[in-house]
2 protein chains.
Amino acid sequence: MITIKDLAKATGLSVTTVSRALNGYSDVNEDTRKKIKKAAEELNYRPSAAARSLVMKKSRTIGVIISDINREGIKDALAYEILCGINDRSTMLDYDILLFSTSSKKQQKKSYSDLCKERGVDGAVIFGLRVNDPYLEEIICKADFPCVLIDIPVESKNAGHVTTDNVYGAMLAVNHLLKLGHRKIAMINGHNEAAVSIKRLEGYKQALEQAGIPFDTDLVFDGGFSEEGGCEAMYRILLNHPDVTAVFSASDLMVLGALRAMEKLNRRVPQTLSIVGYDDIPVAAYCSPKLTTVRQDKYEMGYRSAQLVIDMIENRQVDRRIILQNELIIRESTKAIP
Amino acid sequence: MITIKDLAKATGLSVTTVSRALNGYSDVNEDTRKKIKKAAEELNYRPSAAARSLVMKKSRTIGVIISDINREGIKDALAYEILCGINDRSTMLDYDILLFSTSSKKQQKKSYSDLCKERGVDGAVIFGLRVNDPYLEEIICKADFPCVLIDIPVESKNAGHVTTDNVYGAMLAVNHLLKLGHRKIAMINGHNEAAVSIKRLEGYKQALEQAGIPFDTDLVFDGGFSEEGGCEAMYRILLNHPDVTAVFSASDLMVLGALRAMEKLNRRVPQTLSIVGYDDIPVAAYCSPKLTTVRQDKYEMGYRSAQLVIDMIENRQVDRRIILQNELIIRESTKAIP
DNA sequence: ATTTTTATTGCAAGCGCTATCAGTATGATT
DNA sequence: AATCATACTGATAGCGCTTGCAATAAAAAT
């Protein structure tokens with residue numbers, strides 16, 4: 001391995017000068033710099049990030065913590081799109097990404113923040129945490145490096161967040177259904193450990209109440225954000241509330257499950273029931289019927305998270321609360337009441 | 001930041017002893033070890049990975065190089081599934097992942113191997129490289145750390161690979177079509193800078209020839225692995241070869257494009273044309289018609305890659321050539337000739 | 001000619017850790 | 001009593017890098 005010392009020997013200069021030349025300091029003669037650069041080139045020198053970060057206490061690395069990167073996440077690929085956004089922006093800003101994630105199954109020995117601390121990341125972006133996750137508190141209180149949380153609206157000394165306007169997004173969905181003449185609208189929600197579920201429920205409620213329709217708890221079902229859960233929720237809706245004409249689901253994945261339930265019971269969407277989902281996952285544009293849904297720009301969420309965490313790392317004063325807008329995409333799974 | 005030195009001071013021992021106690025050396029009195037561990041706990045000590053890897057010359061980090069992690073890859077999510085597999089296995093084996101990737105647009109300043117060298121990764125797994133990528137050669141020859149290539153069958157001093165049997169996979173697809181009575185079978189291929197394209201073409205040829213059907217170059221179209229390309233290829237097939245009754249596509253994504261072309265021209269799948277794809281992407285099971293396709297276990301590819309690269313890092317003698325089997329999934333896009 | 005400034009370079013310390021070697025005390029062996 | 005093995009602990013030297021400070025020489029100012 002070629003070190004700065006080798007370059008010093010090769011050029012007959014000191015390590016100090018070599019270091020300064022390579023790092024663009026102005027107090028080194030241009031001829032000297034050229035000589036050093038040439039030697040570095042010839043010897044194919046690469047600075048050791050470990051050594052550098054040891055002394056600088058900066059690693060130019062951001063930790064990306066995604067709980068549950070796993071096979072189940074493949075269908076909706078939310079985490080992936082976010083990751084793409086993070087990756088693009090941090091590469092641009094010359095930061096590297098250290099990926100942490102844990103199969104929920106085996107409990108991890110180390111906490112995320114320990115991992116981050118050991119690896120000396122300069123900051124972290126975190127996705128997929130439940131609001132009651134023990135690490136969340138730890139992050140908010142203890143973390144001594146910037147953290148940005150995706151879809152968990154907390155703020156603290158070292159934490160910021162980026163999310164979308166989930167209340168508004170849900171209202172978009174429900175208002176659409178309302179405009180189509182639906183009055184009896186059920187909701188398939190995720191689970192109440194997810195910040196977004198709480199918000200989307202709120203939006204659902206608000207839209208209903210604005211239309212003068214009383215909110216009815218019995219019409220809200222938890223689908224756990226899974227396809228299976230969506231399927232079961234749909235069965236229950238069909239069984240217990242045959243007068244429901246439309247469903248708002250907190251995720252497209254659950255709609256996929258709901259669609260399966262409908263098919264099993266030989267009921268057609270949107271002819272007998274309108275459904276609007278959330279997320280606009282890739283499948284939404286291809287399944288049958290194509291899903292009317294609330295699109296979140298997950299890539300943008302990742303992109304902005306990276307920007308925010310790096311802003312915080314580099315001590316720029318910026319707004320630590322980023323809220324993106326959602327958009328209603330109307331396709332085939334909704335239809336006006338006859 | 002709490003260092004080993006602080007622990008030494010706190011316990012009245014030397015840094016040497018502290019280091020050894022924490023690293024489980026046997027030549028430390030158990031009482032001493034306990035005292036040290038207690039102090040470490042209380043002070044919330046975390047070892048610095050940078051310092052450690054500086055002296056050990058091991059980082060317990062593997063670089064994952066995925067060319068083109070970007071929005072276009074979201075639909076098929078191949079890279080994501082692979083990443084999941086890599087992540088799961090390396091987390092298990094206590095390695096961290098450093099993610100490298102580049103938007104193809106802006107040429108990068110540093111090559112992958114430079115990145116790896118700087119960050120001192122112990123090994124790397126690489127996906128998405130074209131066979132003529134300049135970095136490929138660099139990796140094969142220059143890399144002084146283990147590399148595992150996904151879907152590029154090369155082997156060298158420091159390189160291994162994992163791929164699937166693409167010749168066989170293609171034969172599976174074409175034989176299925178043959179069995180359904182199709183004789184005039186076109187192929188939509190990716191591009192010939194992809195190792196898998198070359199192999200799948202070979203499988204297509206072989207299956208045809210085994211059935212006594214002469215191979216016809218005119219029936220092979222490049223779709224560039226994109227939806228758009230698949231669409232255009234389909235138009236060309238329909239226009240120039242109206243007697244084609246079946247198509248084998250080297251990716252599901254291109255089938256999605258082909259399906260769009262069919263719809264535009266008001267031709268139905270599988271009634272007027274059978275199509276079999278490759279990959280079994282998530283959309284394949286939901287689109288209409290559901291796709292008959294050759295499934296690759298991408299997660300497994302990632303998982304095995306991680307295992308292999310770590311085996312190589314830890315100097316275990318293992319087979320550096322891993323070839324997984326593909327599986328034909330029969331759904332609705334293929335049908336026997338009347 | 002002398003002092004001051006400016007430009008350029010090197011010495012040396014130290015980041016947090018591991019590892020080599022030596023040292024001390026204790027008990028076992030002759 | 002002298003020797004040796006055993007169990008533990010510490011001093012110290014780096015790993016490759018940055019940086020504060022000192023040193024030197026040349027140029028500018030007095």
Side-chain angles (χ1 to χ4, degrees), chain A residues 1-37 39-40 43-61 96 114-122 144-145, chain B residues 1-37 39-40 43-61 96 114-122 144-145:
Chain A
M1 186 193 199
I2 298 294
T3 75
I4 211 173
K5 221 165 167 176
D6 298 315
L7 293 187
K9 213 171 295 169
T11 55
L13 293 157
S14 71
V15 292
T16 313
T17 306
V18 173
S19 169
R20 281 203 291 247
L22 260 20
N23 289 308
Y25 280 63
S26 61
D27 60 351
V28 39
N29 187 291
E30 278 309 318
D31 289 343
T32 316
R33 191 194 306 277
K34 264 185 207 126
K35 196 163 76 179
I36 291 172
K37 283 206 166 168
L43 296 175
N44 195 27
Y45 165 78
R46 302 293 152 206
S48 149
R52 180 175 284 165
S53 71
L54 182 58
V55 32
M56 304 258 274
K57 272 129 179 45
K58 286 282 166 208
S59 60
R60 283 201 93 82
T61 299
D96 287 330
D114 285 349
L115 272 173
C116 289
K117 219 165 152 184
E118 290 192 14
R119 307 302 298 223
V121 304
D122 296 340
D144 44 2
F145 49 82
Chain B
M1 186 193 200
I2 298 296
T3 75
I4 211 173
K5 220 165 169 176
D6 298 314
L7 294 187
K9 212 171 295 169
T11 55
L13 293 156
S14 72
V15 292
T16 313
T17 306
V18 173
S19 170
R20 279 202 295 245
L22 261 20
N23 289 308
Y25 279 62
S26 61
D27 60 353
V28 169
N29 187 292
E30 277 309 317
D31 289 343
T32 316
R33 191 194 305 275
K34 263 185 207 129
K35 195 162 77 177
I36 291 171
K37 282 205 167 170
L43 296 175
N44 195 28
Y45 165 77
R46 302 292 152 207
S48 149
R52 181 175 283 164
S53 72
L54 183 58
V55 34
M56 305 257 276
K57 271 126 181 48
K58 285 282 167 211
S59 60
R60 283 201 92 81
T61 300
D96 287 330
D114 284 348
L115 272 173
C116 290
K117 218 164 153 186
E118 290 193 14
R119 307 301 298 222
V121 304
D122 296 339
D144 43 2
F145 49 83

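What you see is a predicted model; the values in this text were computed from it and never measured. So that the names make sense, note that chain A is the first sequence line, chain B the second, and so on, each numbered from 1.
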Practice item. Take the C1' atoms of the five end pairs on each side of the helix from C:dA1-D:dT30 to C:dT30-D:dA1, get both axes, and report the angle to 10 degrees. Key: 60°

**Study point:** Partner set under salt bridge (charged side-chain N to carboxylate O under 4.0 Å, His left out) for B:Asp96, not counting sequence neighbours
**Key:** A:Arg119

Check your understanding: Between CE of B:Met1 and CZ of B:Arg46, what distance do you get to the nearest 0.5 Å?
Key -> 11.0 Å

Review point. Closest approach of B:Asp122 and B:Ser59, non-hydrogen atoms and distance?
Key: OD1-N, 2.9 Å

Review point. Do you know the tightest heavy-atom contact between B:Ala21 and B:Arg33?
Key: O-NH1, 2.8 Å

Point to revise | Set of residues satisfying salt bridge (charged side-chain N to carboxylate O under 4.0 Å, His left out) with respect to A:Asp27, sequence neighbours excluded | key: A:Arg20

Revision key, fill the gap. Bounded by its outermost nucleotides with an atom under 4.0 Å from a heavy atom of chain B, the footprint on DNA chain D reads D:dC8 to D:dG16

Point to revise | B:Thr17 side chain reached by B:Thr11 side chain, heavy atoms, under 4.5 Å | key: no

Exercise for review: Please check if the side chain of B:Asn29 supplies one atom and the backbone of B:Asp31 the other of a donor-acceptor pair under 3.5 Å.
Suggested key: yes

Exercise for review: Determine whether B:Ser48 and A:Leu54 make a side-chain contact, defined as any pair of heavy atoms from C-beta on separated by less than 4.5 Å.
Suggested key: yes

Review point. So, the side chain of B:Arg60 versus the backbone of B:Ser53: is there a donor-acceptor pair under 3.5 Å, distance only?
Key: no

Practice item. List the protein contact pattern of nucleotides 9-17 of chain C with one symbol per nucleotide (5' to 3'): B for base contact, S for sugar-phosphate-only contact, - for none; contact means a heavy-atom distance under 4.0 Å. Key: BBBB--BBB

**Study point:** Interatomic spacing from CD1 in A:Ile36 to OH in A:Tyr45 - rounded to 0.5 Å
**Key:** 11.0 Å

**Study point:** Straight-line distance of B:Lys9 NZ to B:Thr3 OG1, nearest 0.5 Å
**Key:** 7.5 Å

Check your understanding: Is there a side-chain contact between B:Asn44 and B:Ile2 (heavy atoms, below 4.5 Å)?
Key -> no

Below 3.5 Å is the cut-off: list the nitrogen or oxygen pairs between protein and nucleotides 23-26 of chain C, distance only.
none

